[in-house]
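Some notes on the structure that comes next.
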Amino acid sequence: MFMNGSGNQRGNATPDGSAGEPSGWHFFRKQSSEAEKNSTTGQHFRGKDRSPAAMLVREGFQNSLDARASCHESVRIRIYTSLAEGALHPAAISSFIAPELVEHLQSPGSGVDASQPDCRSGPCPFLVFEDFGTNGLTGSVEADSSSSIWGERNSFYYFMRAEGINDKSGGNLGSWGVGKTVFPSSSRIRTILVASNRRGDPDRPSVVMGRCVLNYHTTSTTPGVTWRPDAWFGIKDHREGGFVLPTTRGAEHALLDRFRVSRGLEPGLSVVVPFVDPEDFSVQDLLAATLQECCFAIARGILVVTLESPEGRIEIDLATMRDAVGQVADPDARRRLAEMVELAHEHAREVPHARQIELIDHKYPHSIKWDDENWIDDGRLSALRSAWSSDGQAWIRVPIRVRRKHAALHDADSLGEIRVLLRRDDDAGTSTPILVRDGLLIPGQAKSDRPMAVHGARAVIQIGDDAVGRLVRDAEDPSHIKLDPRAEKVKSSYLYGPSYIAFIRQSASELLRLIRGDEEEDRDLLSDLIGLISEESKPRRRPTQPEPPVVPPIDSRPLLLLSRLDAEQGFAYRHDPNGDRNVKSFRVRFAYDCDERDPFLQYEPFDFEVGKTIDIQATGARWAKTAENAIEVEVDDPDFEVRAVGFDGRDIAIRLSKIVREGDGACRD
């Protein structure tokens with residue numbers, strides 16, 4: 001049975017949601033066979049080393065660009081923050097912050113922090129996020145399951161009634177269906193009000209609906225009843241089991257006006273987030289977040305952002321973005337954002353084709369890796385170094401053929417590319433390249449970004465809407481902040497997927513290494529200086545020490561035989577038939593080779609992990625995992641074999657240590 005928040009049964013509404021009865025909050029009882037599963041998707045946007053303002057701006061502009069009405073027009077976003085001085089009294093919005101909602105918010109186990117100010121009497125600071133130049137939340141408002149709209153675009157259903165699924169595809173920035181949860185997660189009462197004008201829908205051009213996302217809970221007025229987490233603000237439908245339909249903008253006109261919604265008649269989406277923390281959504285926080293998260297989309301001319309508050313208005317577009325940086329109060333943040341904005345402007349600039357160096361289209365039959373002879377010839381290398389020498393920057397296009405499972409290598413849709421901008425900056429120190437997919441910044445995490453760092457330069461790696469872009473999107477985590485080469489979408493859809501992600505991440509540092517190949521230090525240069533040291537200037541020798549005791553030579557016979565397993569992408573250890581057959585135990589560490597860098601210092605679980613991506617197979621021996629990239633082996637049979645398979649095709653560095661032989665327990669490293 002369908003109930004309102006007080007547990008009272010309500011009458012039916014007409015199918016189009018236009019019944020005369022007012023809209024209100026509607027909660028649903030838990031069914032006896034229903035498992036209690038509280039939502040955890042909001043956790044994807046916490047603890048990400050990003051402010052609440054940055055996460056809301058980032059997810060909001062992704063959704064807005066995905067709903068873009070025309071590729072020839074920019075999307076305009078308006079963000080209004082009331083701050084403390086513009087907060088509303090709950091009495092002014094009592095039709096929305098109604099008693100039946102408050103009862104559930106204050107119930108035990110609802111998930112709402114009981115220490116927060118009372119939403120019945122305390123001020124309501126709020127935030128409004130609006131987009132224009134978009135299609136709004138289109139699709140049937142009466143759809144009650146994804147199966148009923150299979151194959152159809154229905155942004156209303158997926159925004160208002162779904163979590164963890166969506167109907168996005170192709171070049172969309174988001175793909176997990178959880179980004180929208182950042183809006184209720186930003187509210188202290190986990191509640192939002194949504195108004196949308198829908199392009200191309202004459203029957204229902206305007207809809208208004210609210211949503212509250214709590215935990216399973218009980219209330220004091222309905223003892224013994226467990227309520228479901230999700231509740232909706234709207235008009236109930238006639239169907240069995242209960243269903244909530246949106247109301248119209250006309251019915252909620254006064255409410256939207258009080259929340260400073262400026263929608264008018266233009267298609268698009270407006271989201272009101274009541275009871276935000278004013279300290280998390282100050283003008284300075286939103287300004288820094290907009291410049292950080294949106295500067296590449298703004299520089300491309302596809303996005304314009306307006307920030308409003310009781311203090312005033314800031315317009316941020318291609319022409320004003322540099323001036324907006326000057327309004328950031330914190331000097332460190334201002335300097336960092338100024339560097340990023342300049343890179344965004346440079347990155348968005350149209351570069352003549354003649355000034356872009358395109359590397360060789362190398363059709364890798366297996367995994368992909370950086371090896372100079374396959375990617376660049378003498379002519380391209382000379383042009384690259386000339387551009388770097390004369391301009392202090394270089395544009396490089398790298399064609400990549402993505403290997404999808406069950407698809408031919410030369411399929412037309414397998415070809416994509418990355419574009420890499422390198423710019424000399426002697427004051428940059430060591431920095432991490434900026435990874436941008438279709439205007440969306442993918443910042444990554446500092447620890448896992450060591451292999452891609454550049455020194456004395458700034459770099460941008462641009463990924464577009466092609467085969468490479470689809471691969472990268474499939475490797476992104478739900479918050480689109482870092483890449484996970486072991487993501488299920490990557491494993492199920494691509495051959496050698498992790499090697500492609502590693503290749504893309506390392507592209508800027510590898511290209512910079514190529515450019516500076518003739519600038520590397522001469523390792524023999526000091527030999528001339530050393531030869532100038534006179535005999536008199538040589539340091540005195542220490543007094544003669546006693547001769548060390550004679551140590552018997554260590555048995556130099558080979559102990560173990562290492563074999564490469566090309567077909568299985570791995571290696572194997574066994575006793576050498578002609579060597580010492582008395583080995584009882586040993587330890588093996590492995591990592592991907594990093595040229596002149598220590599591969600074991602550069603190893604990250606991001607690369608691979610024993611027992612997850614790496615399969616250990618032992619015959620005549622037992623093994624135990626001692627680290628993500630190390631195993632300890634106990635030998636039971638002289639004819640043993642231990643295999644490690646599942647690597648992505650890159651060269652593997654292997655370190656054998658702690659070898660114990662039968663007898664005196666001698667250990668060799």
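Note that these values count all heavy atoms, side chains included, but never hydrogens, waters or copies made by symmetry.
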Nearest heavy atoms of Ser186 and Val182, plus distance in Å: OG-O, 2.7 Å

For Asp285, salt bridge (charged side-chain N to carboxylate O under 4.0 Å, His left out) partners two or more places apart: none

Verify whether the ring centers belonging to Tyr592 and Phe608 lie closer than 6.0 Å. yes

Taking atom CG of Asn135 and atom OG of Ser64, what is their separation to the nearest 0.5 Å? 11.5 Å

Can you tell me how far CD of Gln62 sits from CD of Glu293, rounded to the nearest 0.5 angstrom? 9.0 Å

Measure from NZ or CZ of Arg564 to the centre of the six-membered ring of Phe571, then state whether that distance is under 6.0 Å and the direction lies within 45° of the axis. no

Option from Val420, Ile461, Leu421 for which side chain to side chain contact (heavy atoms under 4.5 Å, CB included) with Pro433 holds: Ile461

Just to verify, what does Arg322 make a salt bridge (charged side-chain N to carboxylate O under 4.0 Å, His left out) with, not counting sequence neighbours? Glu342

So, taking the atom named CD1 in Ile418 and the one named CG in Leu435, what distance separates them when rounded to the nearest 0.5 Å? 9.0 Å

Should the heavy atoms of other residues, nucleotides or ligands under 6.0 Å from CG of Asp332 be counted, would the total exceed 12? yes

Between OG on residue Ser185 and CD on residue Glu59, distance to nearest 0.5 Å: 10.5 Å

Could you tell me whether a side-chain N or O of Ser493 sits under 3.5 Å from a main-chain N or O of Lys489, the two making a donor and an acceptor? yes

Evaluate the side-chain proximity of Pro485 to Val490: yes if any heavy-atom separation is below 4.5 Å, no if none is. no

Using 30° and 60° as the class boundaries, would you call the ring planes of Phe503 and Trp370 parallel, tilted or perpendicular? parallel

Any heavy-atom pair between the side chains of Arg423 and Val460 that's under 4.5 Å? no

Under 3.5 Å: donor-acceptor pair, side chain of Arg385, backbone of Leu514: yes

For a side-chain contact (heavy atoms from CB on, under 4.5 Å) check, start with the C-alpha distance between Thr134 and Asn63, then their side-chain angles and the critical distance, and finish with the verdict. CA-CA 10 Å; Thr134 64; Asn63 284 333; over 6 Å; no

Between Arg404 and Tyr494, is any side-chain donor less than 3.5 angstrom from a side-chain acceptor? yes

Residues in side chain to side chain donor-acceptor pair (under 3.5 Å) contact with Gln393, at least two apart in sequence or another chain: Glu346

Go through the side-chain N and O atoms of Asp317 and Thr320 and say whether any donor and acceptor fall under 3.5 Å apart. yes

Could you tell me whether Asp651 and Lys369 have a side-chain N and a carboxylate O separated by less than 4.0 Å? yes

For a 4.5 angstrom cut-off between non-hydrogen side-chain atoms, does Val610 reach Asn629? no

Exam field: side chain Arg397 to backbone Gln356, donor-acceptor pair closer than 3.5 Å: no

Flag, side chain of Arg587 to backbone of Ala630, donor-acceptor distance under 3.5 Å: no

Could you check whether any side-chain N or O of Ser390 sits under 3.5 Å from a backbone N or O of Ser386, counting only pairs where one atom can act as donor and the other as acceptor? yes

Could you check if a side-chain atom of Ile434 sits within less than 4.5 angstrom of a side-chain atom of Met340, using non-hydrogen atoms only? yes

Going by side chain to side chain contact (heavy atoms under 4.5 Å, CB included), name the residues that satisfy it together with Ala502, two or more places apart in sequence or in a different chain. Gln506, Arg650

Val468 and Val402, any side-chain heavy atoms less than 4.5 Å apart: yes

Is it true that a side-chain atom of Arg78 and a backbone atom of Leu307 form a donor plus acceptor pair closer than 3.5 Å? no

Gly133 to Arg199 - nearest heavy-atom pair and separation: C-NH2, 4.3 Å

Gln292 and Arg336 side chains, donor-acceptor separation under 3.5 Å: yes

Which pair of heavy atoms, one from Gly456 and one from Arg516, lies closest together, and at what distance? O-NH2, 3.3 Å

For Ala475 against Ala487, the heavy-atom pair lying closest together: CA-CB, 4.3 Å

Check the pair Tyr603, Glu628 against side-chain contact (heavy atoms from CB on, under 4.5 Å), reporting the backbone distance first and the verdict last. CA-CA 10 Å; Tyr603 166 78; Glu628 288 86 351; 3.1 Å; yes

What are the two closest heavy atoms between Phe600 and Arg589, and how far apart are they? CB-NH2, 3.3 Å

Looking only at heavy atoms, the pair that brings Val304 and Ser74 closest together is CG2-OG, 4.2 Å

Heavy-atom distance under 4.5 Å between the side chains of Ile77 and Leu303, does that happen here? yes

Under 4.0 Å between a Lys/Arg side-chain N and an Asp/Glu carboxylate O for Glu510 and Arg513? yes

Separation between CG of Leu343 and SG of Cys295, rounded to the nearest 0.5 Å: 8.5 Å

Parallel, tilted or perpendicular, judged at 30° and 60°: which one describes the rings of Phe590 and Phe647? perpendicular

With Arg68 via salt bridge (charged side-chain N to carboxylate O under 4.0 Å, His left out) - residues at least two apart: none

Checking side chain to side chain contact (heavy atoms under 4.5 Å, CB included) between Glu417 and each of Val398, Asp466, Ile400, which is the one that passes? Asp466

Should we say atom NZ of Lys625 is surrounded by more than 12 heavy atoms from elsewhere, each under 6.0 Å from it? yes

I'd like to know whether Asp593 forms a side-chain contact (heavy atoms from CB on, under 4.5 Å) with Ile652, so could you lay out the CA-CA distance, the side-chain angles of the two residues, the decisive distance to 0.1 Å, and finally the verdict. CA-CA 5 Å; Asp593 200 2; Ile652 308 169; over 6 Å; no

Measuring only between side-chain heavy atoms, which start at C-beta, is Leu287 closer than 4.5 Å to Val328? yes

Can you check whether Ile616 reaches Val642 side chain to side chain, under 4.5 Å on heavy atoms? yes

First locate atom CD of Glu641, then atom CG of Leu561, and finally report the distance between them rounded to the nearest 0.5 Å. 9.5 Å

Is there a donor-acceptor pair under 3.5 Å between the side chain of Asp131 and the backbone N or O of Leu269? yes

Is there a donor-acceptor contact under 3.5 Å from the side chain of Ser431 to the main chain of Arg458? no

Taking it one step at a time, do Thr138 and Asn154 satisfy side-chain contact (heavy atoms from CB on, under 4.5 Å)? CA-CA 6 Å; Thr138 58; Asn154 190 322; over 6 Å; no

Could you list the residues that satisfy side chain to side chain contact (heavy atoms under 4.5 Å, CB included) with Ala338, not counting sequence neighbours? Val325

Flag the pair Glu130 and Arg76 as a salt bridge only when some basic side-chain nitrogen lies within less than 4.0 angstrom of an acidic carboxylate oxygen. no

